[in-house]
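Report on the following structure.
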Amino acid sequence: MPTTFTLLPMRSLRLALSALVALTLSPDTASSQARKVYISVDMEGISGVNGDNQTSAAGAEYGRARKLMAEDANAAIRGAFEGGATEVVVNDSHGSQRNILPEDLDPRVRLISHSFKRHGMMEGLDSTFDAVIFVGYHAKAGSPRGVFAHTGSGVLRDLQINGLSVGEGGMNAFLARWYGVPVILVTGDDVAVEEQKVTVPTVRGVVVKRAINSRAVELRPLADARRDIQDAAKAAVATARKAPPERLARYTVRMAMRDPTIPEVAAAFREIRLVDATTMEFTRESMPDAYRLIRVLYRFINTD
Ligand SMILES: [Zn+2]
């Protein structure tokens, strides 16, 4: 039966080829992959947050702010799932890191809450994630404009990693890159979004408010801002591509402080070098190590 012998393999080959073409061209291919998305949520850059309501003191203003925080997070979560996320983890990243009430949050996600966390705003991130989103971020310390511009606890004048001045978004991007997880979206005021592009040139940004200076702000309508966050998260997750981990040989961290007492105390650690009266420097061989020490230095030295 020579005809059967020739026909069957030909048909099998055609089937295999069409399956291969379908696999390559199908728009569903990307979204059918597991997409684990990490969302770090700060408060100063949340839509509608305009000042005193971002402190963790009890009160009606704070109560409003934590609801607003959950709403922007939920917009990003909805978008992430629409873009193909199969798993989303949210990390509460502001102040006490216990701002978002779990009952206010999209029921599909897990919430990392409260401090102390060794990796702070990035606690729980590892190389199993496919993408990182920053929600509610703000400008770095020393920015002349930017709603409540600061870095970390507010004791820093400037933070540099390998000579590059960074804020919280920049420092967190260095850590994400160590794990090979791309930062795909940042939301916040216009200054925060611009600053993020220094460390992540490809990042999408959603500007939810315009900083007039470091306090005054022009807020966008809440519904518009949240719709833009959702749309951007959807597009960013749908097109996210993991990168190989970027692990530099060393991370040299320079911290310029407002108060000279902090470097003076910190110099008790043998590896801390004093650059001048208010500036200290150290070197670590991994970004997670460097990250942990930065947090200890800006959080736990009490100079009272
Ligand atoms: Zn912050």
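Order of listing sets the numbers, starting from 1, for every ligand and every atom in it. Because only heavy atoms are used, hydrogens play no part in the values below, and waters and symmetry mates are left out as well, while side chains stay in.
Applying the side chain to side chain contact (heavy atoms under 4.5 Å, CB included) criterion to R157, with sequence neighbours excluded, gives A256, R258, T278, T279. With sequence neighbours excluded, no residue forms a side-chain hydrogen bond (donor to acceptor under 3.5 Å, both in side chains) with E123. Under the side-chain hydrogen bond (donor to acceptor under 3.5 Å, both in side chains) criterion, R78 pairs with Q230, sequence neighbours left out.
Between the side chain of D104 and the main chain of A70, no donor-acceptor pair closer than 3.5 Å is present.
Judged by a 6.0 Å distance limit and a 45° cone about the ring axis, R215 is positioned over the six-membered ring of F148.
For the Zn ion (ligand 1), the set of protein N/O/S atoms nearer than 2.8 Å consists of D42 OD2, H138 NE2, E168 OE1, ordered by chain and number.
Evaluated for a side chain to side chain donor-acceptor pair (under 3.5 Å) with N91, the options Q97, R110, K117 yield exactly one hit, K117.
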